[in-house]
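Report on the structure given below.
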Amino acid sequence: MKECYADLHIHIGRTRSGKAVKITGAKTLTFNSILQVASERKGLDLIGIIDCHSPEIIEEIEAAIMDGKIIEKSEGGLLYRETTIIPGSEIEIYDQNCKGPIHVLAYFPTLKAMKEFSAWMSGHVKNITLSSQRIYCDGKTLQKIVKSLGGLFIPAHVFTPFKSLYGKGVRSSLREVFDAKLIDAIELGLSSDTEMVKDIAELESYAFVTNSDAHSLGKIAREYQKIQLEEPSFAELEKALQEKGNRKVIANYGLNPLLGKYHQTVCSACFHEVLNISGPCTECGNESNIKGVSSRIKELSKVKMDDGFKRERPPYIHQVPLDFIPGLGPKSMEKLLEAFGTEMNILHKITLEQLKAIVPDKLAAYIDAARKGTLILEAGGGGKYGKVKKES
């Protein structure tokens, strides 16, 4: 078995001709640039590239296969150098069963299956070229289509206040909109972790995934997981999410929830933290607020298990991404990469003494504290990220 690092939620900002795919994504976030950064700079073994349903992106992948830049793997997935790509799509559901919009992720084993899904999807969205489009069918119908093509179905960033399963999508249960048996995993999102959600009964059946939801190249692998597989492929990923044959997620690496943009409840006007969500803001008197992930999780955790089953979870390691670290600028980062190869090496294989040989001692100590999760943090909320205050 191999231990593989995987980030399964990376957006495409633009096509190679410059057309928008994820409108809020960076212009530099192209299919080719994602491959280069994820493989050569980040050192990821497995990546899920969302937005592969866009017809021009499909053409780019086909061209890369024709040129021999990408190889289609027999077990599913597309190989670029040492990195395996799982083609995927993010879709927005907002049908009669939803309280609000829900984002979901669909992954497919082959480009052929992705093309078939794109062709079907084009008849149910207004603009097939763009990311995260609202689909005009109900959630269960979408699940069945994904499964008919051999795909994986994962609700995205499920606690985010906007456009997520528990944020505004359902009152209390995923069964309000989905077939529970056709869900392959749950993506936690940046403002939550395993410990926070341990008492939500209906999630016990599912593996948790932690992904970057990257809208820029620098954000790739700000959250990721280590997965035990025979080799990186679609088939092996599916087995890992189902925990078959000793394949499994063996560690989740993510932001401390305090760093997430929506961790605490804040006033919608002045963004001051709201401690009493039923009363006005104590700072400005505004009566509306943005409910934080921590508050929403407490509501959902009130429903307890019927059978007492408790899934054994892998460790969730609070790791501050390198680009959050004070003083770690582009020049220092390039020195580290030149010395150690990839960010995964810096985060997992390099000793503190090796770091000190390349960068000043104080910066090396910051990096070491970041990967151990011991930096002091200031909580985020209302769409603003938390931040690192100082080394502990």
Side-chain angles (χ1 to χ4, degrees), residues 1-10 28-29 32-49 77 79-86 209-214 216-233 236-237 240 248-256 259 314-375 388 391:
M1 290 287 177
K2 297 178 181 177
E3 294 183 353
C4 301
Y5 294 108
D7 179 359
L8 301 172
H9 190 160
I10 302 170
T28 54
L29 196 64
N32 283 331
S33 65
I34 290 168
L35 298 187
Q36 292 170 357
V37 170
S39 180
E40 299 159 28
R41 182 185 178 100
K42 300 291 180 175
L44 292 166
D45 304 294
L46 189 66
I47 57 174
I49 300 185
L79 182 64
Y80 170 80
R81 296 194 175 186
E82 301 299 318
T83 301
T84 296
I85 307 147
I86 307 296
V209 292
T210 41
N211 301 311
S212 67
D213 192 3
S216 67
L217 293 171
K219 294 294 188 290
I220 293 172
R222 63 179 167 179
E223 293 202 343
Y224 55 96
Q225 47 264 303
K226 182 160 61 175
I227 310 179
Q228 186 166 279
L229 306 168
E230 279 202 353
E231 65 164 35
S233 71
E236 287 286 304
L237 173 61
K248 57 186 175 181
V249 177
I250 55 177
N252 295 100
Y253 294 89
L255 299 174
N256 186 306
L259 287 172
Y316 191 107
I317 298 164
H318 290 155
Q319 185 174 270
V320 176
L322 293 174
D323 64 356
F324 271 68
I325 298 173
L328 182 53
K331 290 184 179 179
S332 295
M333 191 68 229
E334 288 308 316
K335 286 182 181 179
L336 289 167
L337 291 171
E338 185 176 345
F340 306 125
T342 68
E343 289 188 21
M344 289 300 113
N345 287 340
I346 295 166
L347 290 167
H348 296 284
K349 297 179 180 179
I350 304 305
T351 66
L352 176 58
E353 291 307 312
Q354 287 175 300
L355 290 172
K356 287 180 178 179
I358 304 300
V359 295
D361 288 2
K362 183 177 180 181
L363 181 54
Y366 259 126
I367 294 169
D368 195 47
R371 58 189 184 177
K372 291 176 179 176
T374 58
L375 292 172
V388 175
E391 63 186 288

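Computed over heavy atoms, backbone and side chain alike; hydrogens, waters and symmetry mates excluded.
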Interatomic spacing from CG in Leu229 to SG in Cys4 - rounded to 0.5 Å = 4.5 Å

Where is the tightest heavy-atom contact between Ala369 and Leu375, given as atom of each residue plus distance?
-> CB-CD2, 3.6 Å

Apply side chain to side chain contact (heavy atoms under 4.5 Å, CB included) to the pair Glu3 and Ile250, showing each step before the final yes or no.
-> CA-CA 8 Å; Glu3 294 183 353; Ile250 55 177; 3.7 Å; yes

Are any of the side-chain heavy atoms of Lys2 and Glu230 separated by less than 4.5 Å?
-> no

Tyr5-His348 aromatic ring centre distance below 6.0 Å = yes

CG (Leu79) and CD1 (Ile85) are apart, to the nearest 0.5 Å, by 7.5 Å

Between Leu35 and Ile47, what is the shortest heavy-atom contact and its length?
-> CD2-CD1, 4.3 Å

Of all the heavy-atom pairs spanning Ser216 and Leu29, show the shortest one and how long it is.
-> C-CD1, 3.6 Å

Determine, step by step, whether Lys372 and His318 satisfy the side chain to side chain contact (heavy atoms under 4.5 Å, CB included) criterion, reporting the C-alpha distance in whole Å, the side-chain angles of both residues, the deciding distance to 0.1 Å, and the verdict.
-> CA-CA 7 Å; Lys372 291 176 179 176; His318 290 155; over 6 Å; no

Would a 4.5 Å heavy-atom cut-off, applied to side chains only, mark Asn252 and Ile317 as touching?
-> no

Option from Lys226, Arg222, Arg371, Glu223 for which side-chain contact (heavy atoms from CB on, under 4.5 Å) with Tyr253 holds | Lys226

Do Leu44 and Ile220 have side chains that get closer than 4.5 Å, going by heavy atoms?
-> yes

Do Ser212 and Asp7 touch side chain to side chain, with heavy atoms closer than 4.5 Å?
-> yes

Once you round to the nearest 0.5 Å, how far does CG of Asn345 lie from CD1 of Ile350?
-> 5.5 Å

When rounded to the nearest 0.5 Å, the distance separating CD1 of Ile346 from NZ of Lys349 is 12.0 Å

With a 4.5 Å heavy-atom cut-off, do Ile49 and Ile34 have their side chains touching?
-> yes

Looking only at non-hydrogen atoms, find the nearest pair between Gly218 and Lys42 and report the distance.
-> O-NZ, 3.3 Å

Side chains of Leu8 and Leu237: closer than 4.5 Å at any heavy-atom pair?
-> yes

Would you list the atom pairs, donor with acceptor, under 3.5 Å between side chains in residues 319-341 and any protein atom, with sequence neighbours excluded?
from, atom 1, to, atom 2, distance (Å)
Gln319, NE2, Tyr224, OH, 2.5
Glu334, OE2, Arg41, NH1, 3.0

Flag side-chain contact, heavy atom, 4.5 Å: Leu46 against Thr83 | no

Any donor-acceptor N or O pair under 3.5 Å, side chains Ser233, Glu236 = no

Would you name the heavy atoms of Gly77 and Ile86 that are closest together and state the gap between them?
-> CA-CD1, 4.1 Å

Beyond-backbone contact of Gln225 with Asn211, side-chain heavy atoms, under 4.5 angstrom = yes

Closest heavy-atom pair and its distance - Glu82, Ser39 | N-OG, 4.3 Å

